[in-house]
2 protein chains.
Amino acid sequence: MSVSTVPLITNHLVNLLSEKERVLLLQHCDVVELEFGTLLCEPQQRYRYLYFPLSGFISLVTKLAGHKPLEMGLIGNEGMLGVTLALGITTAPMQAVVQGKGTAWRIDIAALQQLLHDCPQLQHILQQYLFVLMAQLSQSAACAHFHELDYRLARWLLMSHDRAHSNDFHLTHQFLADMLGVRRSGVTVAAGILQQKQYISYSRGMISILDRTALKHAACECYQVGIDNYRRLLGEPIPDTAKRLLAEQGTP
Amino acid sequence: MSVSTVPLITNHLVNLLSEKERVLLLQHCDVVELEFGTLLCEPQQRYRYLYFPLSGFISLVTKLAGHKPLEMGLIGNEGMLGVTLALGITTAPMQAVVQGKGTAWRIDIAALQQLLHDCPQLQHILQQYLFVLMAQLSQSAACAHFHELDYRLARWLLMSHDRAHSNDFHLTHQFLADMLGVRRSGVTVAAGILQQKQYISYSRGMISILDRTALKHAACECYQVGIDNYRRLLGEPIPDTAKRLLAEQGTP
DNA sequence: GTGGCTCTGTGCGCTAAGCCACTAAGTTAT
DNA sequence: ATAACTTAGTGGCTTAGCGCACAGAGCCAC
């Protein structure tokens with residue numbers, strides 16, 4: 001990781017900590033690669049590590065027997081995986097799978113559990129984030145139930161874009177279909193329209209965001225609601241300047 | 001409230017406390033009537049009271065602009081309203097509305113906040129329940145997305161039945177439709193089938209559960225999953241004997 | 001009673017999205 | 001280079017659920 005990218009790609013929750021607690025936390029963290037598709041935890045299973053994504057991002061997924069998966073939440077460098085540890089619970093509520101390849105800080109669950117005793121700020125931030133995640137769950141639930149596929153697709157593309165730190169990222173129609181809980185060919189149609197309108201372009205699993213503003217208008221309000229919910233409790237997820245910069249530069 | 005019903009209708013979370021903490025908690029509680037339809041809190045708004053339902057029960061509802069409401073969770077005497085206080089947060093994540101008339105213990109938010117410092121058990125139980133509620137949210141989300149109305153209807157009837165402590169309770173088709181996020185006439189059709197099969201009977205807003213076992217088979221697995229999730233962390237929500245008793249005696 | 005209100009039953013046309021199946025276009029491996 | 005695989009595009013048919021609209025039926029108030 002070059003010096004210049006360090007201040008940009010960090011974890012916002014960690015950033016909110018005081019110098020003291022941050023140092024304490026990072027002492028116990030390893031930088032690890034998140035590989036696309038890796039299962040990080042399974043519902044009701046104990047897990048060993050928590051993750052603070054830096055450039056990678058993670059999907060929270062619910063599965064019902066005989067059905068496609070359904071994504072309930074997305075975790076990038078604005079959040080963390082395993083926040084229910086703030087409740088003293090060491091089993092996962094949902095399946096978590098790496099959706100965007102990249103890096104993350106990883107910490108042993110026991111280490112963080114220990115740290116929580118000594119770090120009131122850390123505890124507070126985890127609690128705030130847990131609340132935000134709950135809001136995200138219920139928003140996504142209603143969104144999946146009421147909003148049509150095209151709106152939802154635009155929303156997920158934006159959410160992924162926010163967390164990918166690049167205008168291009170890996171996402172096949174099949175994967176998207178699984179996240180949205182719909183057929184693959186339904187995604188093909190909806191994505192085809194967005195491509196025709198030049199909001200996005202894609203080919204064989206690489207999606208490029210061409211017109212973020214237009215995409216925002218094509219998405220349901222749930223996107224903005226999610227942002228607002230986060231901001232209310234935890235501030236600007238990524239400084240706007242940094243975000244704009246990234247959106248403009250894309251992949252070099 | 002007669003002496004004989006007191007041990008039956010209590011709050012399970014409160015029951016789990018040690019004698020000492022329970023006394024401490026109940027010192028600050030008032031018994032209040034929950035009136036059907038009362039709004040107890042609004043999303044993002046501060047609220048003043050928390051509720052431990054005894055015989056009444058409460059719906060957690062999400063609304064999207066231009067759409068019907070959608071119920072995400074149900075809170076009876078196995079749970080509580082306002083559990084996010086365990087995160088130190090004093091605004092509501094969702095709208096809460098009384099779905100089943102009855103009684104509840106009510107406590108001032110500041111009082112409970114204070115108690116949480118001195119009552120480690122209380123804190124622990126609230127945390128466990130919050131986790132259960134999260135699981136309920138994501139289960140309901142996927143259920144609403146994938147499962148057909150008839151299954152979902154059976155599920156909600158069962159969940160309401162569990163919390164109503166009676167075989168008969170007030171529920172119009174319109175209200176059910178709002179909870180399930182569908183048209184009223186859709187509910188009429190689905191409920192009509194259940195009535196034809198003699199699983200339930202209803203008239204003008206009063207629903208009677210006739211055959212609980214059959215209803216269970218008509219419901220999706222989400223019902224059982226919810227029960228199991230609760231049981232894993234907090235034990236049997238209502239002792240089975242009590243439940244059977246109640247199911248048999250119904251309203252005198 | 002009579003009128004008004006609430007709750008339930010029913011029908012009709014429409015649409016988003018389901019299932020299934022096949023083609024075509026890139027990519028990777030041998 | 002050819003085969004095998006992955007990804008994307010397309011079409012036909014089915015269906016759950018929507019919106020709308022109206023009719024009947026029980027209940028309450030005056």
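Treat the numbers as computed from the prediction; the structure is a model and nothing was measured. Throughout, a chain's letter reflects where its sequence line sits, starting with A, and its residues are numbered from 1.
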query: Taking A:Q195 for the side chain and A:I193 for the main chain, is one N or O donor matched with an acceptor at less than 3.5 Å?
result: no
task: Report the distance from atom CD of B:Q195 to atom C1' of D:dA25, rounded to the nearest whole Å.
output: 14 Å
- request: Would you verify whether the NZ or CZ of A:R106 falls within 45 degrees of the ring axis of A:Y49 while also being under 6.0 Å from that six-membered ring's centre?
  value: yes
task: Find out whether A:V225 and A:Q136 are in side-chain contact, i.e. whether some heavy atom of one side chain is under 4.5 Å from a heavy atom of the other.
output: no
- request: Rounded to the nearest angstrom, tell me the gap between atom CG in A:D178 and atom P in D:dT6.
  value: 15 Å
task: Select from A:S185 and B:S203 the residue whose nearest nucleotide in DNA chain C is closer to the 5' end of that strand.
output: B:S203
query: C:dA17, D:dG17, C:dC7: which one has an atom nearest the side-chain heavy atoms of A:L149?
result: C:dA17
- prompt: To the nearest Å, how far apart are A:L153 CG and C:dA17 P?
  reply: 11 Å
- prompt: What nucleotide, of D:dC27, D:dC20, C:dG9, holds the atom closest to the side chain of B:R204?
  reply: D:dC27
query: Is there a donor on the side chain of B:R184 or the base of D:dG19 sitting less than 3.5 Å from an acceptor on the other?
result: no
Value in whole Å for how far the C1' atom of C:dC19 lies from NE2 of A:H67: 14 Å
task: Rounded off to whole Å, could you give me the CG-to-P distance for the B:L180 and D:dA16 pair?
output: 17 Å
Closest listed nucleotide, where the reference is the side chain of A:V182 and the choices are C:dG18, D:dT10, D:dG17: C:dG18
message: Within the 4.5 Å heavy-atom criterion, are B:L54 and B:W105 side-chain neighbours or not?
response: yes
Nucleotide nearest B:H173 (side chain, heavy atoms from C-beta), chosen from D:dG9, C:dT8, D:dT10: C:dT8
message: Please report the distance, rounded to the nearest Å, between CZ in B:F146 and C1' in D:dT15.
response: 17 Å
- prompt: For the ring pair A:F36 and A:F175, is the centre-to-centre distance below 6.0 Å?
  reply: yes
query: What is the nucleic acid contact for B:T188, judged by heavy atoms within less than 4.0 Å: base, sugar-phosphate only, or nothing?
result: base
- request: Quickly work out the B:E148 CD to D:dT14 P distance and round it to whole Å.
  value: 18 Å
- prompt: Less than 3.5 Å between a donor and an acceptor, one on the side chain of B:R183 and one on the base of D:dG19, is that the case here?
  reply: yes
query: So does B:Y151 get a side-chain nitrogen or oxygen closer than 4.0 Å to the phosphate oxygens (OP1/OP2) of D:dA16?
result: no
query: Between A:G181 and B:Q174, which has a closest nucleotide on DNA chain C that is more 5'?
result: B:Q174
- prompt: Could you give the CD-to-C1' distance, from B:Q196 to C:dT8, as a whole number of Å?
  reply: 14 Å
- prompt: Base, sugar-phosphate alone, or nothing: which one does B:G186 contact when heavy atoms must sit under 4.0 Å apart?
  reply: nothing
